Asker: 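Pasting in a structure now, in structure tokens, and then I'll have a few things to ask.
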Amino acid sequence: MSAAPLTLGTAGHIDHGKTALIRALTGVDTDRPEEQERGISIELGYASLELPSGRRLSVIDSPGHERFVRTMVAGATGIDLYLMTVAADDGVMPQTREHATVLRALGVKTGVVAVTKSDLADPDVAIIEASELLGGAEVVPVSARTAAGIEELRAALERAAESVSSRADSPGEACLHIDRAFTIRGAGTVVTGTLWSGSIARGDELVLLASERHVRVRGVQIHDRPLDHAEAGQRVAVNLTGVPVTDVARGDVLASADAGLRPTYLIDARLDYDDDQPAPGSRVHVHHGTRETPARMAWLGGDFWQLRLEHPLIPARGDRLVIRQIAPPDTLGGSQVLDAHPRKHGPSRALLARLERLARGEEVPVGESLSERVRPTRSREVDAPARRAAPGVSEPLSASALAVERQLKQAGTEPPLDSAFDPADLAALRERGRAIRVSKNLHYHPEVLREIRDRLIELARGNDGAVTLAAFRDDLGTSRKFAQALLEHFDSERVTIRRGDEHFVRRPISDV
Ligand SMILES: Nc1nc2c(ncn2[C@@H]2O[C@H](COP(=O)(O)OP(=O)(O)OP(=O)(O)O)[C@@H](O)[C@H]2O)c(=O)[nH]1
Ligand SMILES: [Mg+2]
């Protein structure tokens, strides 16, 4: 049995008794006074839990409210075990499911389910629902009010802890994703977070990212006890010199210089979704560590996607990302970083082969598509076929790809669906900016698309800058299906913005 450090994170729907349960297990009320007053957790809470063997776990208590899922993701990042609560009188609810999706996305597979409030209702139905959602986890009925089941729960947590290995047992450079930064009188700046890998010792020189500022470790604490050094797998407080507290915040990363981390605006990743893949070009929220950013998803072939980030993330290869839908907010799934510093590219056979090798964990030599830092540019595919053509694309187009291009051009507003073509031909054209994906299974020729855009703008000009789907359809003389796909594309490309039934041209019409 390994007794190396581990971190446990709570999960579960609002009001399902997470904070009350942590108090029953640890004696610590992790809610701050204003949260206690309002009866709702807003921020992450921290405690330390003793198991029957005497082993201690770091605990992160997460809020359950649907508006705070992003806080829950920041807390769950880096945990080794989960404690999911399901209230006996309520059963599995939306955030029970969403938190379960987040945990799966982060690769947190081991944990225990507590069916809480079993003093209020028969826990049987909740036990069955929980087992269906999180098969494999032990399910323990408990009551924080009467303390029934609390010791059984502690024993179940010990068994779960025995079955996972600690991050401290894997080699790695220091990396800590900061969730709080504050000052302590006489000590200066302190940052806290879950130490993902490596160790941090007093006197270490580390780098703070994204600022790339060099800092020195003045002291390390675990569970409020000063220590010489801290190992991965637990919550750590680090006292730093060389940085004022105003220059650090949640989302920053404290790492060893040898970890080689640096901010990126582009990530090539493999998606791992329960449901359908996203629509190419869709805008999502990407969470990594304690940081998050909106991003566009560009399809690279198979399950591989390029995430084009609006703000930088600081990932390493192999790290997990959580991908959330922006509106209505929901967790779509997870993804794994294959290349943290790719250049901006579309699909190609060579890239696909490379990504498949990276996904198998093979070392792929640093080659043409590695290590180029690219500033974000908002893609305006309609305007930019020439700019989009990747510099590495020198192979001539095949005869069949040229035939597809001709067909797309001649088809005008109603091109055949993608199923009519060889996907490789479409990919080759896309890569050169000679076909543009407009919806999940529909491509247009860029020249045709530009003409349609101009007609749309012309139409809007005569109608106070806006068009409706019906007016656009009639103007193009096409069917609703094509008109709708085109309007959604122009919305996503920020040519237009939708307000109710109308799509407004975004830029001043004279500019276009
Ligand atoms: N009767 C009974 N009440 C409980 C039990 N556990 C929690 N409660 C009550 O349920 C309410 C919500 O408990 P919390 O622990 O704050 O729930 P939470 O899951 O932390 O809520 P959020 O963090 O806001 O998502 C409080 O009024 C608790 O006193 C229990 O086992 N039995
Ligand atoms: Mg709570």
Side-chain angles (χ1 to χ4, degrees), residues 7-49 57-77 79 81-103 108 111-127 129-130 133-134 137-157 179-180 235 250 290 324 329-331:
T7 298
L8 172 79
T10 64
H13 197 71
I14 184 166
D15 245 9
H16 278 200
K18 296 174 287 296
T19 305
L21 190 56
I22 293 305
R23 190 175 54 198
L25 285 163
T26 68
V28 175
D29 190 333
T30 57
D31 277 348
R32 297 164 301 163
E34 62 266 35
E35 294 173 313
Q36 290 168 15
E37 214 164 90
R38 291 175 59 185
I40 175 178
S41 302
I42 296 166
E43 265 303 324
L44 299 171
Y46 308 100
S48 145
L49 183 154
L57 302 179
S58 292
V59 177
I60 299 180
D61 180 37
S62 287
H65 194 290
E66 61 177 321
R67 279 184 40 215
F68 306 138
V69 175
R70 45 204 290 245
T71 307
M72 181 270 171
V73 177
T77 194
I79 66 171
L81 293 162
Y82 64 81
L83 172 56
M84 174 70 83
T85 62
V86 181
D89 59 348
D90 212 14
V92 164
M93 294 295 282
Q95 269 63 55
T96 327
R97 292 186 192 285
E98 186 168 11
H99 288 188
T101 305
V102 169
L103 293 168
V108 183
V112 176
V113 181
V115 172
T116 57
K117 309 194 185 185
S118 36
D119 56 304
L120 291 182
D122 187 332
D124 285 357
V125 174
I127 290 173
E129 288 178 359
L133 182 66
L134 291 158
E138 272 195 71
V139 184
V140 186
V142 298
S143 164
R145 182 148 302 167
T146 67
I150 296 295
E151 292 318 308
E152 286 82 350
L153 176 60
R154 206 188 291 278
L157 288 170
D179 50 35
R180 280 185 307 169
R235 293 204 45 81
R250 169 178 294 179
T290 49
R324 300 191 74 229
D330 193 14
T331 298

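Computed from a predicted model, the values in this text were never measured in an experiment. Order of listing sets the numbers, starting from 1, for every ligand and every atom in it. Residues: numbered from 1 along the sequence shown.
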Asker: Can you check whether T85 has an N/O within less than 3.5 Å of an N/O in ligand 1?
Answerer: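 Such a contact does not occur with ligand 1.
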Asker: Just to confirm my output: which protein heavy-atom neighbour is closest to atom 5 (C) of ligand 1, and how far is it?
Answerer: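 Here the nearest protein heavy atom works out to K117 CG, 3.6 Å.
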Asker: May I ask you to check whether P63 has an N/O atom sitting below 3.5 Å from an N/O atom of ligand 1?
Answerer: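 No; every N/O pair is 3.5 Å or more apart.
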Asker: Report the residues that fulfil salt bridge (charged side-chain N to carboxylate O under 4.0 Å, His left out) with E129, sequence neighbours left out, ordered by chain and then residue number.
Answerer: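 Testing E129 for salt bridge (charged side-chain N to carboxylate O under 4.0 Å, His left out), a comparison that skips the adjacent residues, returns none.
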Asker: Quick one: does atom 19 (O) of ligand 1 have a protein heavy atom under 4.0 Å from it?
Answerer: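 When distances to the protein are checked, atom 19 (O) of ligand 1 has a heavy atom within 4.0 Å.
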Asker: Provide, to 0.1 Å, the distance between atom 1 (N) of ligand 1 and the closest protein heavy atom, together with that atom's residue and name.
Answerer: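 Going by distance alone, atom 1 (N) of ligand 1 is nearest to D119 OD2, 2.8 Å.
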Asker: State the CG-CG distance between D89 and L120, to the nearest 0.5 angstrom.
Answerer: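 CG of L120 is found 5.5 Å from CG of D89.
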Asker: What I want to know is whether D31 and ligand 1 share at least one N or O pair that is separated by under 3.5 angstrom.
Answerer: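 N/O-N/O distance under 3.5 Å: no.
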Asker: Salt bridge or not for R235 and D179, using N-O below 4.0 Å?
Answerer: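 Counted as a salt bridge, because a side-chain N and a carboxylate O are separated by less than 4.0 Å.
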Asker: So, the side chain of T10 versus the backbone of S62: is there a donor-acceptor pair under 3.5 Å, distance only?
Answerer: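 A pair under 3.5 Å: yes.
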Asker: Between E66, R70, H65, which is the residue that forms a side-chain contact (heavy atoms from CB on, under 4.5 Å) with F68?
Answerer: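 Exactly one pass, corresponding to H65.
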Asker: Nearest 0.5 angstrom please: H13 NE2 to E98 CD, how far?
Answerer: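 That separation rounds to 11.0 Å.
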Asker: Could you grab the protein N, O or S atoms closer than 2.8 Å to the Mg ion (ligand 2) for me?
Answerer: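 Protein N/O/S atoms under 2.8 Å of the Mg ion (ligand 2): T19 OG1, S41 OG.
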Asker: Return the closest protein heavy atom for atom 17 (O) of ligand 1 as residue, atom name and distance.
Answerer: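 Ranking protein heavy atoms by distance from atom 17 (O) of ligand 1, first comes G17 N, 3.1 Å.
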Asker: When you compare the side chains of T101 and T331, does any donor N or O come within less than 3.5 Å of an acceptor on the partner?
Answerer: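 Note: T101 and T331 side chains miss the donor-acceptor criterion.
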Asker: What are the atoms of ligand 1, with element, lying closer than 4.0 Å to any heavy atom of A144?
Answerer: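 It comes down to these atoms of ligand 1: 6 (N), 30 (C), 31 (O).
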Asker: Please report the interatomic distance CG(L103) to CE(M72), rounded to the nearest 0.5 Å.
Answerer: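 It is 4.5 Å, given to the nearest 0.5 Å.
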Asker: I'd like to check whether G39 has a polar contact with ligand 1, where a contact means an N/O of the residue lying under 3.5 Å from an N/O of the ligand.
Answerer: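 Looking only at distances, the answer is no, because the N/O contact criterion of under 3.5 Å is not met.
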Asker: Looking only at atom types and distance, does a side-chain atom of S143 sit under 3.5 Å from a main-chain N or O of S118, one as donor and one as acceptor?
Answerer: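 Side chain of S143 to backbone of S118, a donor-acceptor pair under 3.5 Å: no, none is there.
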Asker: Do side-chain atoms of H16 reach the backbone of A87 as a donor and acceptor pair under 3.5 angstrom?
Answerer: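 Between the backbone of A87 and the side chain of H16 there is a qualifying donor-acceptor contact (under 3.5 Å).
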Asker: Say whether G64, considering both its backbone and side-chain N or O atoms, lies within less than 3.5 Å of an N or O atom on ligand 1.
Answerer: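 Checking ligand 1 against G64, an N or O pair does fall under 3.5 Å apart.
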Asker: So, R154 side chain and L25 main chain: donor-acceptor pair closer than 3.5 Å or not?
Answerer: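 Such a contact is found between R154 side chain and L25 backbone.
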Asker: Using distance alone, decide if ligand 1 has a nitrogen or oxygen within less than 3.5 Å of any nitrogen or oxygen in S41.
Answerer: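 Looking only at distances, the answer is yes, because the N/O contact criterion of under 3.5 Å is met.
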Asker: To which protein heavy atom is atom 16 (O) of ligand 1 closest, and what is the distance rounded to 0.1 Å?
Answerer: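 Sorting protein heavy atoms by distance from atom 16 (O) of ligand 1 puts T19 CB, 4.3 Å first.
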Asker: Of the protein's non-hydrogen atoms, which lies at the shortest distance from atom 21 (O) of ligand 1, and what is that distance?
Answerer: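 Scanning the protein heavy atoms, the shortest distance from atom 21 (O) of ligand 1 goes to D15 N, 3.1 Å.
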Asker: What distance do D15 atom CG and I40 atom CD1 have between them, rounded to the nearest 0.5 Å?
Answerer: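 Reported to 0.5 Å precision, the distance equals 8.0 Å.
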Asker: How about atom 26 (C) of ligand 1: does it have a protein heavy atom within less than 4.0 Å?
Answerer: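 Under 4.0 Å from atom 26 (C) of ligand 1, zero protein heavy atoms found.
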Asker: Taking distance alone, with N or O pairs closer than 3.5 Å, would you say D61 contacts ligand 1?
Answerer: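 No, D61 has no N/O under 3.5 Å of an N/O on ligand 1.
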Asker: Give the numbers and elements of all ligand 1 atoms closer than 4.0 Å to a heavy atom of A20.
Answerer: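 The atoms of ligand 1 under 4.0 Å from a heavy atom of A20 are 6 (N), 7 (C), 15 (O).
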Asker: Run the salt-bridge test on R23 and D29 with the 4.0 Å N-O cut-off and return the result as yes or no.
Answerer: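 Counted as a salt bridge, because a side-chain N and a carboxylate O are separated by less than 4.0 Å.
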Asker: Taking E43 as the fixed residue, which of R180, R250, R38 is the one that meets the salt bridge (Lys or Arg N to Asp or Glu O under 4.0 Å) rule?
Answerer: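 For E43, the salt bridge (Lys or Arg N to Asp or Glu O under 4.0 Å) test succeeds with only one of R180, R250, R38, which is R250.
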Asker: For ligand 1 and R145, I'd like to know whether there is a polar contact (N/O to N/O, distance under 3.5 Å).
Answerer: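 It does: an N or O of R145 is found under 3.5 Å from an N or O of ligand 1.
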Asker: Show which atoms of ligand 1 fall inside a sub-4.0 Å distance from at least one heavy-atom site of L120.
Answerer: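 Counting from 1, the qualifying ligand atoms are 1 (N).
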Asker: Which ligand 1 atoms does I14 reach within 4.0 Å, using its non-hydrogen atoms?
Answerer: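 So the atoms of ligand 1 that pass are 24 (O), 25 (O).
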Asker: Are side-chain heavy atoms of S41 and D61 found at a separation under 4.5 Å?
Answerer: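 They are in side-chain contact.
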